[in-house]
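Reviewing the structure listed below.
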Amino acid sequence: MTLTLSCNNKCLFCPRKDFLKWIVCGSWKEIVREIKDVSRRSRKIVLTGGEVTVYPGLFRVLNICRKVFRDIEIISNGRKMKETAFLDKLIGSGANAFAISIYSLSDAVHDTITGVKGSCRETKKGILNLIKARKTRRITIRINTTLSAGNALHAVDMIKKLYLLGIRDFIIAEEIILNKRRKALDLQGIRKALEDVSRLKFRDIRIVLKGFPPCLVRDLRNPFIRYEPYGLESCIKKGWRQEKYTERFRGNFAKLKKCSGCSLDKHCPGFQKYYPDAGRFIRPVS
Ligand code: SF4
């Protein structure tokens with residue numbers, strides 16, 4: 001459930017203005033209706049934004065959710081969790097799964113991506129507070145990162161260091177390339193970064209590769225790396241807004257002629273059309 005588009009970061013690749021505006025809850029009535037809708041299908045709800053922790057009605061939402069869901073996940077940049085009192089209140093209100101978005105442990109790299117000086121330090125403090133809280137509370141922690149030209153070289157190092165702190169679950173997501181004028185990481189850069197990740201020697205780690213052209217990452221899967229394609233069907237709103245969202249999202253993708261001979265053709269949305277080196281790296285899967 002997307003509760004708000006407001007955010008305390010200004011990430012370079014944020015999709016909220018282009019995509020999420022179509023699926024954000026527009027009113028309290030809509031929030032209540034959506035909670036009911038999710039509760040009919042699932043015992044877990046995921047609350048997100050924008051940045052969900054800056055949404056003023058978050059604790060009101062949590063108070064309803066805790067009565068109907070077994071699991072409540074918060075996707076957040078974790079900055080507000082730098083205050084232990086705030087984190088305690090979230091956990092006390094029923095949140096028991098936390099997915100924190102961080103792009104690098106280097107302040108300079110992360111802050112350049114988020115556009116907010118000091119954001120990395122706050123996010124890291126939030127993660128440390130979560131790790132501390134996990135010692136006494138039943139919560140799970142996952143790290144979400146988006147691979148981009150600014151942080152690809154730092155991805156492995158970040159995962160290693162967070163692993164040593166006790167984090168075991170990661171999602172590495174593909175950047176949604178919204179603006180072809182901005183230099184995005186090309187497929188060669190993505191492949192290189194993910195190959196490095198696939199060579200990690202930690203056996204009890206779980207890494208999900210989210211998005212990315214299936215043919216590019218197919219052979220990188222191993223016992224600790226799973227591939228998850230884009231799941232637009234998880235968007236629960238029905239009607240013209242959801243259609244607009246799906247249409248806008250799919251409009252970002254393309255296929256090559258040779259894709260028609262690919263065994264994944266029917267299930268693959270294609271690759272993002274702004275990749276300059278698609279001709280070299282997109283290869284039909286037999
Ligand atoms: S359909 Fe095209 S983009 Fe998708 S996996 Fe096959 S070759 Fe790659």
Side-chain angles (χ1 to χ4, degrees), residues 11-20 22-23 99 101 103 113 142-153 155-156 159 169-200 205-236 242-286:
C11 297
L12 289 170
F13 38 67
C14 179
R16 73 198 135 116
K17 297 220 171 78
D18 295 75
F19 297 115
L20 302 183
W22 302 110
I23 54 163
S101 307
Y103 308 117
I113 292 173
R142 190 183 73 226
I143 294 295
N144 289 353
T145 196
T146 301
L147 210 57
S148 70
N151 70 349
L153 295 175
V156 170
I159 292 173
D169 286 289
F170 297 85
I171 288 185
I172 304 179
E174 181 185 21
E175 174 186 359
I176 305 291
I177 311 168
L178 300 164
N179 182 349
K180 63 179 168 188
R181 284 184 304 251
R182 200 168 60 70
K183 194 177 171 330
L185 184 63
D186 57 14
L187 292 172
Q188 185 174 21
I190 292 174
R191 178 75 201 182
K192 162 88 183 66
L194 296 181
E195 273 174 8
D196 290 347
V197 170
S198 73
R199 282 193 281 266
L200 279 169
I205 198 170
R206 292 165 294 274
I207 301 176
V208 173
L209 307 182
K210 176 87 182 162
F212 302 110
C215 51
L216 186 78
V217 297
R218 205 167 163 268
D219 59 319
L220 297 179
R221 283 175 297 177
N222 64 32
F224 65 92
I225 296 190
R226 195 159 59 79
Y227 170 69
E228 200 177 287
Y230 290 112
L232 292 179
E233 71 286 352
S234 68
C235 170
I236 56 165
Q242 190 215 19
E243 274 162 31
K244 196 88 193 159
Y245 169 79
T246 314
E247 178 195 311
R248 183 80 178 79
F249 191 84
R250 288 205 201 288
N252 225 33
F253 290 78
K255 285 192 178 180
L256 297 174
K257 246 189 187 165
K258 57 186 175 185
C259 290
S260 63
C262 175
S263 62
L264 302 177
D265 190 21
K266 278 205 183 90
H267 310 284
C268 170
F271 55 88
Q272 294 193 71
K273 60 188 177 193
Y274 298 129
Y275 284 126
D277 51 354
R280 263 179 74 208
F281 285 90
I282 298 299
R283 292 204 187 97
V285 178
S286 62

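This is a predicted model, so every value here is computed, not measured. Indexing begins at 1, ligand by ligand and atom by atom, following the structure's order.
No option in Val197, Leu194, Ile207 other than Leu194 meets the side-chain contact (heavy atoms from CB on, under 4.5 Å) test with Leu220. Of the residues listed (Phe271, Phe212, Tyr230), the one engaging Phe253 in a ring pair (Phe, Tyr, Trp, His ring centres under 6.0 Å) is Tyr230, and it is the only one.
Between the side chain of Asn252 and the backbone N or O of Ile176, no donor-acceptor pair lies under 3.5 Å.
Only backbone heavy atoms of Arg283 (N, CA, C or O) come within less than 4.0 Å of ligand 1; its side chain stays farther off.
The shortest side-chain heavy-atom distance between Leu200 and Phe224 falls under the 4.5 Å cut-off.
Salt-bridge annotation for Arg191 and Asp219: present, with a side-chain N of the basic residue lying under 4.0 Å from a carboxylate O of the acidic one.
For atom 4 (Fe) of ligand 1, the count of nearby protein N/O/S atoms, taking only those under 2.8 Å, is 1.
The side-chain hydrogen bond (donor to acceptor under 3.5 Å, both in side chains) pairs that include a residue from residues 254-267 are Lys255-Asp265, where partners are two or more places apart or lie in different chains.
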